[in-house]
Protein chains: 2
Amino acid sequence: MHHQHKDPRAAILDAAESLFASQGFEATTIKQVGGAGRVNSALLYYYFKSKEGLYHAVLTRMVETLLTTGQEHFEVAASPEDAVRQAVAAFATFLLHHPRAPNLFAREMLDHEAKHAADLLPRVASGIFERLSEAIRQGQMEKAFRSDLDPRFAAISTIAQVVYFAIARPAVGVLLGHGTTGPPPEVTREFGRHAADFALAALARPRERAPMLPLESVP
Amino acid sequence: MHHQHKDPRAAILDAAESLFASQGFEATTIKQVGGAGRVNSALLYYYFKSKEGLYHAVLTRMVETLLTTGQEHFEVAASPEDAVRQAVAAFATFLLHHPRAPNLFAREMLDHEAKHAADLLPRVASGIFERLSEAIRQGQMEKAFRSDLDPRFAAISTIAQVVYFAIARPAVGVLLGHGTTGPPPEVTREFGRHAADFALAALARPRERAPMLPLESVP
DNA sequence: GTCTATAGGTGGATAGAC
DNA sequence: GTCTATCCACCTATAGAC
């Protein structure tokens, strides 16, 4: 999975990302980072100001990747329905390559109330959530979606499913009968499809319109 | 908010619950617990085996409360639709009284892969998730819900919304324009209603049936 | 049951050789 | 740029007086 690094800086970043995500910031020691990255642990202070500085660098790099992935998916969306599917797919793709990413972000919310991500959150908000909300609003205007749901709330509900599934892996695993190690990859992919279906089913107009019929014909 | 305690054990539990939830297990020190509970910090080792033992006691007490709340709500559910609303309401009620609870559980998943909650998760699974899944399955059999969604996945999607909203408060706050302190209580309640609506909209049968009509009359 | 004092161990960070 | 050695702060846990 992980290839050898010539660049010590990248090696440190990779090791730190993995450790912070799996153990948390406080529980991860400088020496663990050095060990995992096969780099002298004192070297960390040459490339980064402090343990916190390293942490911030890890968060920043990950957000950039997420934004790029989101960008690529939204670009190919042809309709509001498609945009919803693409938004879910963007997260699913991102999670496939960075399985621990939700852990890292979730921790940042929990441990530091997003203090270190204060400059990053608005970029995620405008880069992904706002675009999804906008697509939903668009679908409502085009009468493709029901209009009694708040577009921003609906966007949160959509993304929440897949992010929760990733964060609460142990709990979800127990619920689905796979134990605390969490569900196998196949089930995870299956849930990704389900999440898009669930969101689109919620957004769908409740009853079939009778298109093209004059109003008088409706009882 | 917090009343004075005569019972040092309860004082320690309350202080630890609050601190573990807001800072995490590793970042919380014994002396902070003692300080917040107005109890000598060495006393902790008289009532609990260790810092880990205290942590486990906090988790256990919280799960019991959640299960009781869930129980009470499910008991009054008269229909599958009602059960879905009651499940969301159970979590909403619980979160109202224990705003930091999701943080605590989320941390346990993230920091320790639910190691300390291994004995608690099955109880939550069977006490709440299974009952919600069962209600959804029931609704599908009664033709009240669409039948192309996996009941267990649908249960996860339903709960995911409200739990995600609680965990990702800072991110959700930024998205909705309230800053990293998170949305005000009113918006939180509003989202609770939305979550139930969203889930029921997703579960609803896609088109209106023509009830009681003989089959031949359908074109 | 409650408190003081402290042992024993570890972690972040730096100084300075190479 | 990289490594060794180490300082200092702080944390968990216990011993033992009261």
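A note on names: the letters A, B, ... follow the listed sequences, proteins ahead of strands, and every chain is numbered from 1.
Scanning for ring-ring contact (aromatic ring centres under 6.0 Å, His included) contacts around B/Y55 gives B/F20, B/F25, B/H112, B/H116, with sequence neighbours left out.
Which of C/dT4, D/dT2, C/dT14 sits closest to the side chain of A/Y45 comes down to C/dT14. For B/Y46, taking side-chain heavy atoms from C-beta onward, the closest of the listed nucleotides D/dT12, C/dG1, D/dT4 is C/dG1. Nearest nucleotide to the side chain of B/T29, out of D/dT2, D/dT4, D/dT12: D/dT12. Distance from the side chain of A/A42 is smallest to D/dC3 among D/dC3, C/dT2, D/dA13. Picking from C/dA13, C/dT2, D/dT2 the nucleotide with the shortest atom distance to the side chain of B/Y47 gives C/dT2. Residue A/K51 has its side chain nearest to C/dA13 when only C/dA13, D/dT2, D/dT4 are considered.
The nearest whole Å value for the distance from the OH atom in B/Y55 to the P atom in D/dC11 is 19 Å. Note: CG (B/L54) to P (D/dT12) measures 11 Å, nearest angstrom. Rounded to whole Å, the distance from CG on A/L43 to C1' on C/dG12 is 16 Å. When rounded to the nearest whole Å, the span between NZ of B/K31 and P of D/dA13 equals 12 Å. Separating the CD atom of A/E26 from the C1' atom of C/dT10 is a distance of 16 Å, rounded to the nearest angstrom. The nearest whole Å value for the distance from the CZ atom in B/R9 to the P atom in C/dG1 is 11 Å.
Classification of B/R9 and B/D7 as a salt-bridged pair fails, no side-chain N sitting under 4.0 Å from a carboxylate O. Under a 4.0 Å N-O distance rule, the pair A/R85/A/D197 qualifies as a salt bridge.
Contacts of A/S41 with the nucleic acid, taken as non-hydrogen atoms under 4.0 Å apart, are absent.
In the model, A/R131 has a side-chain atom that pairs as donor or acceptor with a side-chain atom of A/Q71 under 3.5 Å.
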